[in-house]
Engineer: 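Below you'll find the structure I mean.
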Amino acid sequence: MEGLPKQYDPHQVEKKLYQEWEENNYFAPRGNGQSYTIPMPPPNITGELHMGHALNNTLQDILTRWRRMAGDRVLWLPGTDHASIATEARVAATLKEEGIEKKELGREEFLQRVWEWKYKYGGMITEQLRRLGSSCDWSRERFTMDEGLNRAVIEAFIRLYNKELIYRGDYIVNWCPYCETTLSDIEVEHEEKDGHLYHIRYPLADGSGELIIATTRPETMLGDTAVAVNPEDERYRGFVGKKIILPLLDREIPIISDSYVDPEFGTGALKITPGHDPNDFEVGRRHDLPRINAMDEKGIMTEAAGPYAGLDRYAARKKVLADLEEKGLLSRVEDYEHAVGHCYRCDQEIEPLVSKQWFVKMKPLARPAIQAVQEGDVCFVPERFDRIYLQWMEEIRDWCISRQLWWGHRIPVWYCQGCEKEIVAREEPADCPKCGSDELEQDPDVLDTWFSSALWPFSTLGWPENTQDLQSFFPADVLVTARDIIFFWVARMIFSSLEFMDQAPFDDVLIHGLILDTDGKKMSKSMGTGIDPLEVIDDHGADALRFALVNGFTLGNDNRFRHEKVEAGRNFTNKLWNAARFFLMNLGDFDPSGRQLNPQDLPSRWILSRMQTWTEVIDEHLKSYRFSDYAREIYEYIWNEFCDWYIEMAKPALQAEAKSPEKEETLTVLWHVLGGLLKMLHPIMPFVSEEIWKALPGGEGTIMYAPWPRPNKDLVDREAEEEMETLQSVIRSIRNIRQEMNIPPGRKVEAKFFLEGDQHELLKKGKDYLNRLAGISEYSLYTWEQERPEHAVSAVTRGIEVVLPLAGLMDLKEEFNRLEKKKEKLEQEMERVEKQLSNPGFVNNAPGHLVQKEKEKREAFKADYELLCKRYRQVKSALESGK
RNA sequence: GCACCCUUAGCUCAGUUGGUCAGAGUGCCUGCUUGACAUGCAGGAGGUCCCCUGUUCAAGUCAGGGAGGGUGCACCA
């Protein structure tokens, strides 16, 4: 084993281990423990692994590996999402580069190409997830467009349709003229834009005057069918019912009154364009106004726009303004900042447009979904996200689900060309059930991608079939996802699951924030500020990346990515690697497996006792999803307790050449503790923990199924912990003195300890450790009362006065100053304790154990203080007499 | 406009239900080729926990107000 390299090299390890895990099918659920399910948020097939994915999947993997070791029958179910718009746009763009237009290719041929593209590139991200170490069950991998999921989508559509929760109708929708499809409300992103508010004169038909209306979008006036004023508005009361001339087109339109109009805004007169504004659409419905589509699907003005027909919307705006100006109808232009909707995929301005679309009626579905969260069937972690969810759910509007795209689940509706009957069916019907015509045409549109994602927690398990998997693994235990997807996905899964499964899809929803760049900005591919997780893995290994992503972050908050954190993670893997190396180098032919733990020496009693605390603490953190605490704590146990203290203290016993009971016991304890630490580390650092595990005696098989450590009360040893703390404190005091006195590390010194009788034994036991860790060659023990040497440096801790006689090496004056500082500090602390204890409010109201604690503290301080003062006086008088 | 988050050491951030909570990593300073590890070891310096006012025996921690930074939702054209 001495062949182990001095530095841990993840490249040698990660690929090999992952392959082994996957080949052995370790990721699939096994055993007959209780089931534990996590549905993986399916990344888009167009996607490449970014830091968000890396964080998201690290968290899921931690839970998965932890529960698996704890004995659960764990299913972490992976897959990918077909992402209609993104994929269609991507493939269309690729074709365009070859000089092929999507429309020329035709639907069937185009879809053929998309599938080809999917097979070629769609698996890329799943390969990348493997590099991260994700232990999801690839044998159950699903794709939102695979056959089973398609069945689920059609079933869902039909059931909702039959309950009249899906309907088709003419409504105003969000339209992206670039993608040429509708978008749901949440797919529109509002951005504040500097624009203008144009005040336009509309002359009255009877020539008796004019009204001035204000608009940010003058080109839409071409579709105006009314001007509205508030019924309460005195200024315009006489105008209601009159006709007004729409400038440029000279169309006569009515002046109506509607309380929607805000008299305070602009001039108080509002142009009404039911065809191109959602609010105006509603006004139009109330007043039975005609709807004019002045703009088409590409944002080009239609025939209805008269002379402006054929212009695109931006050109039309310019021309409309120029013409108004020329005619003197533009009364005023003011700067105005307003929110403009943009397509979340292509970032083009969206256009409100009236068209015939399919919608899901949301109110009846939202009600139980609200209840589920209110009643705690679904818990958001952190809790505050339930308010965000509820607020959205309570104000939800109907969901437009049809998309004018080819790539996606085709809407299972056929229209009879003979009698116009609408036929909803699982399979293509042969003829119309009403009129018998066989001329049927399927709706050309596909469904919103999120319609299929909404079914993910159960469609992936076989629904609508009542499969074994569905019975075993539904509902899921946890969903881990990013904040920006709560509405798109989480909300929709909840109401879909309640509707189709009659149950919430998962118990807990973990919401994590974004990984920001070093400057605290959102990482952006186009800006080049993204950091590629794969590069980080190449440089430092997946374990280091995982650790960096989890350590020091709070669930739900954004977190800056820093290279230093990855380096810290890498250093940690290396530290552990070398601790293991040390153990293996000392192992010889010793086989610790099967040996009883019966620790006699102090460090062993101590570390085993500490380990019982670790196992409890770590488990608690994981149970409460405190990933950061888990990472920090395991780091601390390994580095600061196991490596810094236990290994160092184990060295004397191990250095004995011959086999000895001490040596064997120490090896047994080292083996046991190291194994336990590896297991507790495994969820977050799966590779290095497995690699070391395999090198340990008895480490056959995989750490993935090594039993999760449980606390053993018999090994808890408070006395050992107390004694160890004292010993550590003494060693630290000596190190401190040595450093301050510039004693070279190699130089051994002599010490005198002044202490109470019951501590003599401890110091005697500590001989080897004091020698090794504090450089104390010889020492002698005295009682508190005995005489101290004058020319010496001293420190007091835990009732022990450490005295290093350093005549010649020290300056008495300096020592005096040192003591004075220590004395002052101790006085301050004593004062604080004294104040607490003399406060009747505290003594009477605080819990008893806290009062007790303060009292004990007071006693301990007092003892130390007396020692310190005695020494202080001695040095002081020595100084004075020396003058 | 409404809601939420953040403000703690030079930097990046932890601090569960109020009671050693003033922490970690990194950076900085001082020593160290100590036979696991210089991706390391040892020691050290660094903070009005944004400000104000309350509640309490006790407040980074709770309440109210304010300042600065960020995000989401909704928009009156």
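This one's a predicted model, so the numbers in the text were calculated from it and none came from an experiment. Note on naming: letters A, B, ... go to the chains in the order of the sequence lines (proteins, then strands), and numbering restarts at 1 for each one.
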Engineer: Among Thr220(A), Leu211(A), Asp277(A), Thr225(A), find the residue that satisfies the side-chain contact (heavy atoms from CB on, under 4.5 Å) test when tested with Lys271(A).
Structural biologist: Thr220(A)

Engineer: Mind checking Asn845(A) for me? I need base, sugar-phosphate or nothing, with any heavy atom below 4.0 Å counting as a touch.
Structural biologist: base

Engineer: Counting the atoms with a prime plus P, OP1 and OP2 as sugar-phosphate, which does Asp629(A) contact under 4.0 Å by heavy atoms, base, sugar-phosphate, or nothing?
Structural biologist: sugar-phosphate

Engineer: Using only heavy-atom distances, decide whether a donor-acceptor pair under 3.5 angstrom links the side-chain of Gln739(A) to the base of U30(B).
Structural biologist: yes

Engineer: If the glycosidic angle sits within 90 degrees of zero it is syn, else anti. Tell me which applies to G23(B).
Structural biologist: anti

Engineer: Tell me whether Arg735(A) forms a cation-pi arrangement with Trp645(A), defined as NZ or CZ under 6.0 Å from the six-membered ring centre and within 45 degrees of its axis.
Structural biologist: yes

Engineer: Measure up the Phe380(A) and Tyr389(A) rings against each other and bin them: parallel (under 30°), tilted (30 to 60°), perpendicular (over 60°).
Structural biologist: tilted

Engineer: Look at all strands and tell whether Thr220(A) reaches a base, only sugar-phosphate, or nothing, counting heavy atoms closer than 4.0 Å.
Structural biologist: nothing

Engineer: Between the base of A58(B) and the side chain of Lys835(A), is there a donor-acceptor distance below 3.5 Å?
Structural biologist: no

Engineer: Is the CD atom of Glu383(A) crowded by more than 12 outside heavy atoms at less than 6.0 Å?
Structural biologist: no

Engineer: Please classify the nucleic acid contact of Ile647(A) as base, sugar-phosphate, or nothing, using heavy-atom distances under 4.0 Å.
Structural biologist: base

Engineer: Could you work out the separation of A63(B) and G18(B) based on their C1' atoms and round it to a whole Å?
Structural biologist: 13 Å

Engineer: At under 4.0 Å between heavy atoms, what does Arg626(A) touch on the DNA or RNA strands: base, sugar-phosphate, or nothing?
Structural biologist: base

Engineer: At 4.0 Å (heavy atoms only), tell me whether Lys565(A) reaches a base, stays on the sugar-phosphate, or touches nothing.
Structural biologist: nothing

Engineer: Parallel, tilted or perpendicular, judged at 30° and 60°: which one describes the rings of Phe572(A) and Phe547(A)?
Structural biologist: tilted

Engineer: Determine the contact category for Arg570(A): base if any of its heavy atoms lies under 4.0 Å from a base atom, sugar-phosphate if only primed atoms, P, OP1 or OP2 are that close, otherwise nothing.
Structural biologist: base

Engineer: Does any donor-acceptor pair link the side chain of Gln7(A) with the base of A38(B) at a separation under 3.5 Å?
Structural biologist: no

Engineer: If I pick the P atom on C49(B) and the same atom on U61(B), what distance separates them, to the nearest angstrom?
Structural biologist: 10 Å

Engineer: Using a heavy-atom cut-off of 4.0 Å across all strands, would you classify Arg397(A) as base, sugar-phosphate, or nothing?
Structural biologist: sugar-phosphate

Engineer: Any base atoms under 4.0 Å from Ile388(A), or only sugar-phosphate, or nothing? Heavy atoms, all strands.
Structural biologist: nothing

Engineer: Which part of the nucleic acid does Gly552(A) contact within heavy-atom distance under 4.0 Å: base, sugar-phosphate only, or nothing?
Structural biologist: sugar-phosphate

Engineer: What integer number of Å spans the P atoms of G31(B) and A14(B)?
Structural biologist: 35 Å

Engineer: Regarding Asp280(A), tell me which of base, sugar-phosphate or nothing describes its non-hydrogen contacts under 4.0 Å with the strands shown.
Structural biologist: nothing

Engineer: Using only heavy-atom distances, decide whether a donor-acceptor pair under 3.5 angstrom links the side-chain of Gln391(A) to the base of C4(B).
Structural biologist: no

Engineer: Reckon Pro744(A) touches a base, only the sugar-phosphate, or nothing at all at heavy-atom distances under 4.0 Å?
Structural biologist: nothing

Engineer: Counting only side-chain N and O atoms of Asn571(A), is one of them less than 4.0 Å from OP1 or OP2 of G40(B)?
Structural biologist: yes

Engineer: Between Arg560(A) and C13(B), does any side-chain N or O lie under 4.0 Å from OP1 or OP2?
Structural biologist: yes

Engineer: Look at all strands and tell whether Glu564(A) reaches a base, only sugar-phosphate, or nothing, counting heavy atoms closer than 4.0 Å.
Structural biologist: sugar-phosphate

Engineer: Taking Watson-Crick (N1-N3 plus N6-O4 or O6-N4) and G-U wobble (N1-O2, O6-N3), each under 3.5 Å, can you produce the dot-bracket string of RNA chain B? Use [ ] for crossing pairs and | for inter-strand ones.
Structural biologist: (((((((..((((.....[...)))).(((((.......))))).....(((((..]....))))))))))))....

Engineer: For Glu831(A), look at atom CD and say whether over 12 heavy atoms of other residues, nucleotides or ligands are found less than 6.0 Å away.
Structural biologist: no

Engineer: Show, in sequence, the C-alpha distance, side-chain angles and deciding distance for Tyr637(A) and Phe642(A), and conclude whether the ring pair (Phe, Tyr, Trp, His ring centres under 6.0 Å) test is met.
Structural biologist: CA-CA 6 Å; Tyr637(A) 298 153; Phe642(A) 183 63; over 10 Å; no

Engineer: How is Lys6(A) classified with respect to the nucleic acid when contacts are heavy atoms under 4.0 Å: base, sugar-phosphate, or nothing?
Structural biologist: sugar-phosphate

